[in-house]
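Read through the structure below, which is laid out as structure tokens, and then see the notes.
Proteins come first, then strands; the chains are lettered A, B, ... in the order of their sequence lines, and each starts at number 1. Predicted, not measured: the structure shown is a model, and the values here were computed from it.
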2 protein chains.
Amino acid sequence: MATTIKDIARQAGVSAATVSKVLNRKDHSIGEKTREKIWSLVKELNYTPNSIARSLITRSSRVIGVIVPDILNAYFTELVRACDQAARERGYSTILCNSDSDPEKEASHLTFLASHGVDGIVLAASDLIPDAHLLERLRIPLVSMDREIPDLDCLAARIDTDYETGAFLSASHLIRAGHRRIAFVSGNPLASNTKIRRAGFERAHREAGLPVDPDLIECGAFNHRFGLVATRTLLDRTSFSAMCCMSDMLAMGATVALRERGLSVPEDCAVIGFDNIYIAPLLVRPLSTIERRISESGYLAIGALIDFLDDPTHPRRMVLMEPTVIQRETT
Amino acid sequence: MATTIKDIARQAGVSAATVSKVLNRKDHSIGEKTREKIWSLVKELNYTPNSIARSLITRSSRVIGVIVPDILNAYFTELVRACDQAARERGYSTILCNSDSDPEKEASHLTFLASHGVDGIVLAASDLIPDAHLLERLRIPLVSMDREIPDLDCLAARIDTDYETGAFLSASHLIRAGHRRIAFVSGNPLASNTKIRRAGFERAHREAGLPVDPDLIECGAFNHRFGLVATRTLLDRTSFSAMCCMSDMLAMGATVALRERGLSVPEDCAVIGFDNIYIAPLLVRPLSTIERRISESGYLAIGALIDFLDDPTHPRRMVLMEPTVIQRETT
DNA sequence: TTAGCCTAGGTAAACGTTTACCTAATGGGT
DNA sequence: ACCCATTAGGTAAACGTTTACCTAGGCTAA
């Protein structure tokens with residue numbers, strides 16, 4: 001159906017090998033005339049190499065898989081976009097997979113990507129630790145983002161955010177503003193990225209000589225829906241004057257719940273988010289939050305991955321992104 | 001490296017063809033023992049078929065490409081998610097491509113998808129009309145969403161939204177509420193999906209016996225940033241008591257600009273959006289908007305595409321989604 | 001002259017599957 | 001005893017590339 005290398009070869013009166021060499025610029029021993037003839041046929045017949053056949057023989061697809069737990073969370077949307085851009089700039093494409101924080105789906109995406117011959121994978125935090133055996137078996141270069149992950153030899157890099165500091169800054173920001181009872185809302189309580197943030201939250205209290213009331217803690221998921229229900233639960237259970245939300249989506253949900261009860265932000269209750277997603281400054285009450293330079297981490301991840309692909313002996317990169325506070329109008 | 005069908009064949013003491021038959025359940029002439037032996041080896045060796053090799057020979061990948069103009073627009077995020085889910089339910093996977101409303105990027109994604117052997121493509125509205133020659137050449141089954149598109153024979157379906165009615169409803173809603181000067185903000189003025197909406201907007205005025213002031217029209221893009229700057233421009237230029245925003249992202253940007261100037265919504269200026277993205281009800285002022293059942297259209301698109309793949313003589317589906325008004329708190 | 005080296009390009013195997021067609025043995029019916 | 005069908009599985013080509021190695025002619029330098 002579509003034009004193949006053989007069609008070009010036939011019409012140029014040369015062998016397929018010659019065409020392949022020209023196409024791949026391994027043409028140091030191909031005559032000028034032949035080269036030109038081939039290129040002009042390529043244009044004329046709109047030849048595009050069949051990447052499938054190419055991948056099959058070269059064992060490389062120049063495609064990178066990106067797995068995220070929740071594409072609807074704007075944090076991951078932005079991350080995915082940054083990865084895609086970064087990859088494209090380096091001649092790679094990406095395939096996006098959405099795991100819904102479901103380890104089974106994640107595993108099935110992993111095998112899907114493997115069987116489709118991706119050269120590498122960016123695995124972004126879901127709540128659970130991935131199946132180490134599977135990763136081991138797949139042997140696909142991997143960069144892990146904000147994940148606990150075993151030290152595999154196909155691990156090209158880890159890009160982590162200093163969640164302890166992030167949560168510490170978040171809580172300290174509110175404590176400095178005079179708040180004494182601060183709610184803490186975060187993702188899956190069993191996931192390390194929640195535990196670590198909780199540690200930072202508690203340290204801020206300790207250093208300020210304040211107690212932490214377990215009644216003020218609600219952990220479950222990072223999406224807006226949980227932000228909404230968690231805040232309702234908290235409001236029913238106890239009282240507080242500020243909320244540390246460990247994602248901006250949570251903060252958005254929280255804000256709605258507060259307003260539902262007639263509380264205004266920040267007058268009745270301050271709210272700080274985490275991630276600094278692009279919507280955060282655009283909310284009617286621009287959201288104070290913790291900046292974590294999303295695009296930069298995407299670029300870093302892809303960069304580290306491709307460097308590793310180019311040269312697997314390349315020293316592993318272990319990056320710890322340092323978050324900062326952005327004060328807007330909700331605190 | 002990874003286990004292949006030959007490894008299984010060798011260890012089972014049969015030929016590769018036999019293994020292939022069993023794997024593909026074309027095993028009516030394979031003995032029970034052999035079948036069992038093969039399946040147990042498959043488990044034991046963690047065999048996963050190499051999709052690349054498989055695609056090469058079968059000329060089918062069970063992958064669908066999805067091209068959207070702006071993944072950061074929550075409308076498309078939701079659409080993409082719905083497509084992915086729908087595809088997965090029918091045994092397909094998706095590859096997401098983000099075109100940034102750039103026809104060149106779009107074309108390059110199209111050839112990328114073609115060369116990677118996707119079985120079909122869902123092409124969602126960008127502002128511009130796609131390169132018909134390219135589509136013609138590629139001959140990949142296509143479903144077009146909210147796009148003007150030539151009548152190719154590889155066009156499996158069109159899923160369009162009745163934008164005229166949508167915009168009409170949007171404006172009528174505001175007119176009925178007593179507004180007389182209503183601003184209109186939409187995407188690329190040259191794109192049909194803006195022109196059509198503008199027609200609906202104007203019809204609502206005509207039917208109400210109201211004039212349309214061209215000073216109240218600002219068209220450029222569907223993202224929040226344009227919503228922000230367009231609203232600033234409008235506020236500098238003229239006065240109005242309500243805004244018809246042709247996407248919720250625009251409405252969010254508009255709301256911020258209004259607030260910036262000390263105007264409150266809906267008291268000083270009503271705002272209605274379009275799309276009913278999942279964030280819309282979650283904004284501090286839940287956004288009135290035009291519902292267009294995003295997930296449903298994603299499911300429809302994928303369904304139509306796969307039906308076409310299963311049977312290319314399947315009658316083309318041309319769906320026109322009817323939008324409805326959702327009143328919340330901004331009008 | 002001849003070994004050796006360019007230059008220009010061809011040959012064929014390989015990547016991991018699928019599939020049309022072949023074979024060989026067995027069994028049943030007449 | 002012969003024919004035909006059925007069962008169980010094998011053979012080999014094909015998909016569209018890439019690449020290691022080959023060839024053949026011509027040139028150069030000793």
Between the side chains of [X] and [Y], is a donor N or O closer than 3.5 angstrom to an acceptor N or O?
| X | Y | value |
| --- | --- | --- |
| Arg88(A) | Asn98(B) | no |
| Thr111(A) | Ser108(A) | no |
| Ser55(A) | Ser61(A) | no |

Within 6.0 angstrom of [X] [atom1], more than 12 heavy atoms from elsewhere:
| X | atom1 | value |
| --- | --- | --- |
| Lys105(A) | NZ | yes |
| His314(B) | NE2 | yes |
| Glu148(B) | CD | no |

Remember a base hit wins even if backbone is also touched, and classify [X] as base, sugar-phosphate or nothing at under 4.0 Å, heavy atoms.
| X | answer |
| --- | --- |
| Lys26(A) | sugar-phosphate |
| Ser20(B) | base |
| Thr58(A) | sugar-phosphate |
| Ser15(B) | base |

Between Thr34(B) and Ala53(B), just flag the one whose closest nucleotide in DNA chain D comes earlier from the 5' side.
->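 Between the two, 5'-proximity favours Thr34(B).
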5'-most by nearest nucleotide on DNA chain D - Lys21(B) or Ile5(A) |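 The 5'-side residue here is Lys21(B).
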Counted 5' to 3', the first and last nucleotides of DNA chain D within 4.0 Å (strictly under) of a heavy-atom of chain A are dG16(D) to dT19(D)
